[in-house]
Structure formats: structure tokens, C-alpha cells
Amino acid sequence: MTKPRTIANTALWWPLRHPIFRKIWIASLFSNIGTWMHEVGAGWLMTSLAPDPLMVALVQAATTFPVFLLALPAGALADILDRRTYLIATQIWMGLAAGFLGLFTLTGAANATILLLFTFALGIGSGMMMPAWGAIIPELVPREEIHGAVSLNSVGVNVSRAVGPALAGLIIAATGPGIVFMLNAVSFGAVIIALYGWHRKTTDGELPAERLVGALRAGVRYARHSPELRTILVRVGAFVIFASASWALIPLLVRQNLGGGADTYGLFLAALGTGAIAGAFVLPHVRLRLSRDMILRGSTLLFAGCMLVLAHSGSIAAGIAAMFFSGMAWISVISSSMAAAQVALPAWVRARGLAFFWVVFMGGMAVGSAIWGQVASLVGISMSLTLAAACAVIGMVATWEFRIGQLEVLDLTPTIHWTTPHFRDDSEMDRGPVMVMIEYIIEPAKLEEFTHALHQVRRLRRRDGAFMWEMFTDSEEPGKVVECFMIESWLEHLRQHEREIASDKHIYKKAHAFHIGDRPPKVTHYIGGHLREQPLFW
């Protein structure tokens, strides 16, 4: 049961009481610093190897595109493999990529192709890591401290964003980018050591692990039929696609509208990061007084207001202040949304659900940046930011009914609502498809109410594995109703039973309450010509 929220257990630093979370957080801080150092070194090296704007831009593309491309398969792998071992493998991959690039650079063998190749390899590692990294948080801290843990991770990213580039500049000036790449390779070792010391508690079931293709299908099916996950994705998408205007247009705003240089741009980014860190410290106290949805709405309004200040103030000082409060609003929206996903996703699909989060987030940033850049070329930077601010408010109103606060009360404890079926030949568990038919006897006057209740059950069947669901009524006996759904295999049907959670129990009970027969509803399983019957247990 979730503990009551207090100033203590919602404080930003509270999750650091847990030794393994503390070790992994500190190690990831060093690794993030190394990553930001690497990005500066890669960009600088490309200006020497191929000083073409397109080639320099390709360095950033090689870093971010694999994250968008690989998020879904990475989430599936993180759900079907041991997450600790999986994360160690991704760290080794990225460490080797950074190390080899460092060796090529130090020996003078690096060229533009090699730089892009190893940068892309690092992007692959990052894309494969991100869903799993988010999915382990509920395993490291109690449920009531997830918001703090997510905020701490955001603080680490923003601290490393400030420290990493500064260190990289000093090192590159003294020795060149090769040493920066080698230090980044070493930084992954810190994470490997921390993860190696984590004795992860596993809850292995009796069933074999899912296969990759099946896991991908199950993840997509879950996202399609889970209103909880869709709520989070809609709220994030409605914010990011408009908020991305600020990220995309700030460099041009500083140079063209404010007449500033690289130093001014650096101050703007520093203010953004400082605001994000400040927001992470303030947010736990705000959560004690306001609901999650009120925080999201207020933060959206604050971010929109900051975009208006940036668009029309014409002042560097006002712009820096706006960037500071933009950082506070940004971390409030993103960390609240990410934490909501953590507490709303069952363990079996958590990494896949977070993969959808990253797809929407990264895709929204990319698409939004392109859209607002094009709008700015037509109507100017100030008007583009103004339109983006107005659209952010409209998006907030349009998604008003999508509430993430209610997701915190979900009970994700696995439970079995009906008897797990048995197949006489376990060696043929991959056989399929499987058709399940459940026969109910309903009072004809209550058929419409039952239909509505059974369609709520339909969503759960589809979410947990069924690829087809239908309801049939007997033409001669109006009170006789058959629920029919199909699953890919007998093994997948057994997994369907394991995926049921306590929060769904009332939905099944509500539908079952309409049954008036002397016996429980009769369940029949059809598996490749084999027929097996057994009573349903709720």
C-alpha cells in the first residue's frame, strides 16, 4: 500500500537513502557528463574533418535517430530479458564504441565516416538502453518515491549538461578530442560496476520468456487498448510538439532578434538547466498541495507564458529569466508524465510502455522542431513562438479530460480472476491460434447493461493478448450470450492469465454479476482441433 505523502518522503533527495539507487544515480551522473563531453568533442572534431554544415548536423542526427528507431524493439527486449544483464550489455557496447573512436582519434586515423559510424553506434546503445533504464526505477525505490527518483534523474541530466561541455572545452583545448572520447568510455565503466553490484530480485514465472516479435506485438496491442498509457502519451504529445518551438528557435532568437553571440546563447542554456534543477527541488513540495493534473496544466501555462516573453520582450535579461522558468515548467511536465508512466505500467510491459513514451517524446520534438522552424521562416521567429504558445494552451484545453492523477491509485498486483487452463501436452504449448468461448445466461431485460459491462472486459482481453474479440447472442434464446476471443497460441493464453492485475477485478466481477445460471459461465478452449471444457472461476 502506498504510504501517505509527507515533506520527508517526497523530498527530492529522499530516494538517495536506498544504497543501490544512490550508486546507480551517481554512476549515471558521471556517465552523463561523459556523454555531454563526447557530444562536444564529436561536433568539434567534425568541424576539423569536414567543416560542412550538413556534416556537422549529421553528428547530432547520428546520435538521436537510433533512439527514435530502436525504442520499441529495445523496450521489448528489456521486458523479456533480465534488465540488469541487458543494461550491462548496452553499457559495454557504448564503452567499446567510445573507446575505439578515441583510439582512432588519438592515432590520427579518424575521418568523417569513422566519426559518424561510431557516433551512430553510440546512438544505438543509447536507444537500446533508455526504455530499460526507466523501467528499473520502480525496482530501486518504493512506489511513493518514484516521482522523486525521476526528478533526480532529470537533475543529473541537467547538471551533466552544464558540467560536461565546460570540461570538454578545457580538455579539447589542452589535448584534443581523443582524450574526451576515452574519458567517456571510462564513464560507462562506472555504470557497469554499479549495475553489477545490484542483486536484482526477479519474479520469474513458470512460463518461458516471450519471443521478440511476439513481445513487440503484445506491446503494440497493450498500447492500443490501454487508456492509462494513451492518457500519458496524449498529454506528453500535446505538450512537446508545441514546446519544441522554444528549443528549436532559441539559437536564431538569440542571434537575430536579440543580437547576441555564442556567450549569450550559453547563458540562455545555462538558465534553462538551472531552472530545471530548481524545479526539481520545488516540485516535491508543490505535489503536496496540487494534483498532478493541476501541475501539468499550470506548467503548460507557465511554459507558454515564457515563450511569449521570449517572443516579445526584446531583452536579454528578460529572455534569461524566461529560460529559467521554462526549465522549471519543462521538468515539471516531463518528470510528472514519466513518473505517471512508471506507476501505471505493469512490470511485464513496463519497458515497452516507456518505449512508446520515448517515441512520442522524441518524435514530437523532431516533428515539432521542423514545423515551427518552417513556420518561423514564413512569419518570423516572434510570431512563430506566439503561435506555439497559443497552441500549447489550446492543446492543454483539448486534453483536459486526459487525467494522469488517477493513475496513481492503480493496483498493479498480479492476480488471477479465472481458473488457469491446462493443456495435456506441454510440448505443444506454441500451438495456435487458440479460441476461447465463454457462455453466459443473462436476463433479457438486462442484456443492454450486460453488453456495456462485457465491452469493458473486451478491452482487458485485447490489452492482455487477444487479437480478436466478439460477442454473440443466441437467435433462439435471447438470454444466452457467448463471449469469443482468440489468442496467438496456448502459451500466449497462459501469459494472458498472468497479466491480469488487481485493479481490473471489479470489471470482471461486474460482468459476471449478470450471469444467472446455476453453474458458473462455461469456458471452452479450442486448440488446433483439441476441445477442452472447464468452469470459469472469478
Side-chain angles (χ1 to χ4, degrees), residues 27-71 73-74 77 85-130 132-133 157 160-196 251 262 266 269 362 366:
S28 67
L29 176 63
F30 281 106
S31 181
N32 284 330
I33 291 174
T35 298
W36 283 104
M37 291 172 61
H38 187 105
E39 288 201 13
V40 172
W44 185 260
L45 179 60
M46 185 59 82
T47 61
S48 301
L49 298 174
D52 179 87
L54 176 60
M55 295 300 292
V56 175
L58 283 176
V59 173
Q60 182 64 25
T63 302
T64 57
F65 182 67
V67 177
F68 178 79
L69 186 67
L70 297 174
L77 286 172
T85 305
Y86 176 80
L87 283 171
I88 289 175
T90 63
Q91 299 302 305
I92 292 174
W93 170 274
M94 290 188 286
L96 289 173
F100 278 115
L101 179 58
L103 288 175
F104 276 108
T105 305
L106 290 173
T107 58
N111 54 39
T113 301
I114 288 176
L115 175 57
L116 288 176
L117 178 65
F118 283 105
T119 300
F120 190 79
L122 278 166
I124 290 175
S126 181
M128 298 299 287
M129 174 197 72
M130 288 175 70
W133 192 261
V157 171
S160 61
R161 179 183 290 158
V163 174
L167 285 177
L170 294 174
I171 295 172
I172 291 170
T175 64
I179 296 298
V180 168
F181 301 147
M182 297 302 293
L183 289 174
N184 185 36
V186 173
S187 73
F188 292 114
V191 180
I192 293 172
I193 293 173
L195 289 171
Y196 187 78
L269 294 183
M362 299 295 287

### Task
Enter the distance from H38:NE2 to S31:OG here, rounded to the nearest 0.5 Å.
11.5 Å

### Task
For M130, check side-chain contact (heavy atoms from CB on, under 4.5 Å) against everything at least two apart and list the hits.
V67, S126, W358

### Message
Could you work out, with side-chain contact (heavy atoms from CB on, under 4.5 Å) as the rule, every residue matching A89, not counting sequence neighbours?
### Response
none

### Message
As an exercise, state the distance from CD1 of I124 to CE of M94, rounded to the nearest 0.5 Å.
### Response
11.5 Å

## Note on the structure
S160 and N32 have their tightest heavy-atom pair at OG-CB, 3.2 Å

#### Entry: Gap separating the CD1 atom of I88 from the CE atom of M129, nearest 0.5 angstrom
13.5 Å

### Task
Take L106 and I179, measure what side-chain contact (heavy atoms from CB on, under 4.5 Å) needs, and give me the verdict at the end.
CA-CA 8 Å; L106 290 173; I179 296 298; 4.1 Å; yes

#### Entry: Closest approach of F181 to G102 (non-hydrogen atoms, all atoms of both residues)
CB-CA, 3.6 Å

### Message
I need the minimum non-hydrogen distance between F118 and A97, along with the two atoms involved.
### Response
CD2-O, 3.6 Å

### Message
So, taking the atom named CG in L122 and the one named CG in L96, what distance separates them when rounded to the nearest 0.5 Å?
### Response
10.0 Å

Please table the atom pairs, donor to acceptor, closer than 3.5 Å between any side-chain atom in residues 185-196 and protein atoms at least two apart or in another chain.
{"from": "S187", "atom 1": "OG", "to": "N184", "atom 2": "O", "distance (Å)": "2.6"}
{"from": "S187", "atom 1": "OG", "to": "N184", "atom 2": "OD1", "distance (Å)": "3.4"}

### Query
Between W133 and T90, is any pair of side-chain heavy atoms under 4.5 Å apart?
no

#### Entry: Partner residues of T175 under the side chain to side chain donor-acceptor pair (under 3.5 Å) criterion, sequence neighbours left out
none

### Heavy-atom pair of closest approach, residues A42 and L115
O-CD2, 3.5 Å

#### Entry: Any residue meeting side-chain contact (heavy atoms from CB on, under 4.5 Å) with L167, in chain and number order, not counting sequence neighbours
I33, M37, V163

### Query
Is a side-chain donor or acceptor of W93 paired with a backbone partner of A121 at a separation under 3.5 angstrom?
yes

## Note on the structure
Sorted by chain and residue number, the side-chain contact (heavy atoms from CB on, under 4.5 Å) partners of A109 (sequence neighbours excluded) come out as F104, T107

### Query
Given the rule in the side-chain contact (heavy atoms from CB on, under 4.5 Å) test, do M46 and T119 qualify, once you have shown the distances and angles that lead to the verdict?
CA-CA 11 Å; M46 185 59 82; T119 300; over 6 Å; no

### Closest non-hydrogen atom pair, T105 against P177
CG2-CG, 4.1 Å

